[in-house]
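Just follow the structure's listing: the first ligand is 1, and inside any ligand the first atom is 1.
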Amino acid sequence: MNQKFRYQCVTCEKEIVTDEIIYLCPDCERKNKPGEPLRGVLKVIYDYDMISDDISGDSLFSVIKDDSYLDLLPIEQSDTIPGLRIGHTPMYEVDTFEGKPLSAALYIKNDARNPTLSLKDRASVIVSAFAQQKGIDTIVTASTGNAGSSMAGICAAQGQKAIVIVPENAPFEKLTQIAMYGATLIPVKGTYDDAFDLSVELTKKTGIYNRNTAYNPFTIEGKKIAAFEIYDDLLGEIPDNIFIPVGDGVIISAIYKGFEELMKLHLTKSMPTIVAVQAEGSPNLVDNLDREVFKSVKSKTIADSISVDVPRNFHMTAKYMKSYHGKAIKVSDDEIIQASLQLGRNTGIFAEPSAAAALAGFLKMHRMNKIEEKSVNLVMITGSGMKDMAAIKNYLSLPKPIPNDLDKLLRYLDL
Ligand SMILES: [Zn+2]
C-alpha cells in the first residue's frame with residue numbers, strides 16, 4: 001500500500017493506515033451515544049516534512065497550488081475532480097460599515113460564488129473525486145440543505161448518483177436545487193440530527209458511500225483549501241481575526257487545519273485568531289466548550305445551516321480552539337438579519353442568514369470595541385441569500401405596484 005496520507009483519531013489520537021473506506025475510529029465509535037457529539041472523528045495527516053523537503057524554497061506554496069494542492073489532498077489525480085470551477089472565490093476589502101469608517105481592515109471572502117452557491121462545494125468535490133477514484137457511483141448525505149444541494153450538483157457534474165436526506169423544514173430553495181440537479185431527495189419527519197443518523201444507518205446497512213460532514217474525514221480536506229486561498233489572497237499575510245459561522249464545527253476546524261498545515265510546511269509561523277460565531281438560538285458548540293458534560297438545547301434560529309442540536313465535530317473544534325486560543329461570540333437572529341441587510345447594501349453581496357451570522361459577529365465585536373485598531377479581519381461568507389428567501393420575508397416588505405404613468409412615478413420618487 002502506497003498511500004500518501006494516514007488518519008489520526010481526534011479522540012484517542014491513534015493513527016490508522018488503510019486504503020479502505022473508513023469514517024470513524026473503530027475503537028472510539030463504539031463509545032458513541034445518541035445526543036452526544038461524535039467520538040472518533042478522523043483527521044487526515046500527510047507527510048509534511050517530505051512535502052516540505054521535496055519542494056524547497058520560496059516557491060513551495062506556488063508549486064503546491066499549481067498542482068491544485070494535490071500533495072495536501074487525499075486524492076491521487078486531479079482528473080478525478082469534476083470540471084466545475086470550485087473555490088478561487090473572490091475576496092473584497094470593505095472600509096465602511098453602518099455608515100461609518102471601520103477602525104480596522106475588513107475583508108469579505110465570498111464563498112457563495114461556488115457552483116451551487118455555498119462553501120460546501122469545496123467538500124463535495126473532494127468526496128466526489130475520491131468516490132470516482134474508487135469506482136463508487138452513489139453517494140448519500142444528510143444535510144440542512146447546502147451540503148445536499150452541493151453534493152447533488154457536484155454528482156450531476158461528475159455523472160454520479162446522489163441521495164440527499166434532509167429535515168422536512170429545509171428551505172424550499174435548497175430542496176428545489178437538489179431536485180433540479182436530479183438527486184434522490186428524501187425529506188424526513190424530524191431534524192437535521194435525525195437525517196444524519198438515518199443516513200449513517202443506511203450506509204452501515206448497504207455500504208453506500210457517505211458524505212456526512214464530520215463523519216466523512218474528507219469534507220474537512222476540501223474545506224481547508226479556503227484557508228490556503230486566504231493566505232494566497234493576502235500574499236502570505238495571516239489575518240489577525242477570521243470570523244466563521246459555526247453549526248457542526250466542520251468549516252471552522254477546516255480553516256484551523258488549513259492554517260495548521262501552512263505552519264507545518266513552514267510557510268507561516270502564526271495561527272490567526274479564529275472567532276466561532278453561533279446563533280443565540282443554536283449555541284450548542286460554544287456553550288459546551290468549558291463544560292465537563294455535553295448538554296444540548298433545542299435549536300431555534302433563522303440561520304438554518306447552523307441550526308444544530310448536537311455539533312458532530314465538537315471535539316475537534318474544541319481541541320483547535322483551546323490549542324490556538326480561539327474566541328467565540330453569539331449573535332441574535334435580529335443581529336443576523338441586520339448584518340445581512342448591511343452586507344447587501346454596502347457590498348452588493350447577498351448572504352444567507354447563516355453566512356451573515358459571521359459578519360454579525362464581527363460587527364458586534366466592533367461595536368463593543370473588541371476589534372483591535374488597524375487589525376486585519378476576514379469574514380467568510382459561506383452561502384448565498386438566494387438559498388433561503390423565506391427567512392427574510394418578515395424583515396422586508398416589497399413595494400406595491402404603481403400605475404404605469406410618469407407623473408405617478410415622479411411623485412413616487414418625490415421628484
Ligand atoms: Zn479513537
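Protein atoms that are N, O or S and lie under 2.8 Å from the Zn ion (ligand 1) are these: Cys9 SG, Cys12 SG, Cys25 SG, Cys28 SG.
Ring geometry for Tyr256 versus Tyr324: interplanar angle under 30°, hence parallel rather than tilted (30 to 60°). Taking the six-membered ring for Trp and thresholds of 30 and 60 degrees, Phe218 and Tyr7 have nearly parallel ring planes, at less than 30 degrees apart.
Applying the ring-ring contact (aromatic ring centres under 6.0 Å, His included) definition to pairs two or more places apart or across chains, none involves residues 165-204.
Classification of Asp309 and Lys298 as a salt-bridged pair holds, one side-chain N sitting under 4.0 Å from a carboxylate O. Residues Arg39 and Glu29 are not paired through a salt bridge, judged by the lack of any N-O separation under 4.0 Å between the basic side chain and the carboxylate.
The ring of Tyr92 has its center no closer than 6.0 angstrom to the ring center of Tyr107.
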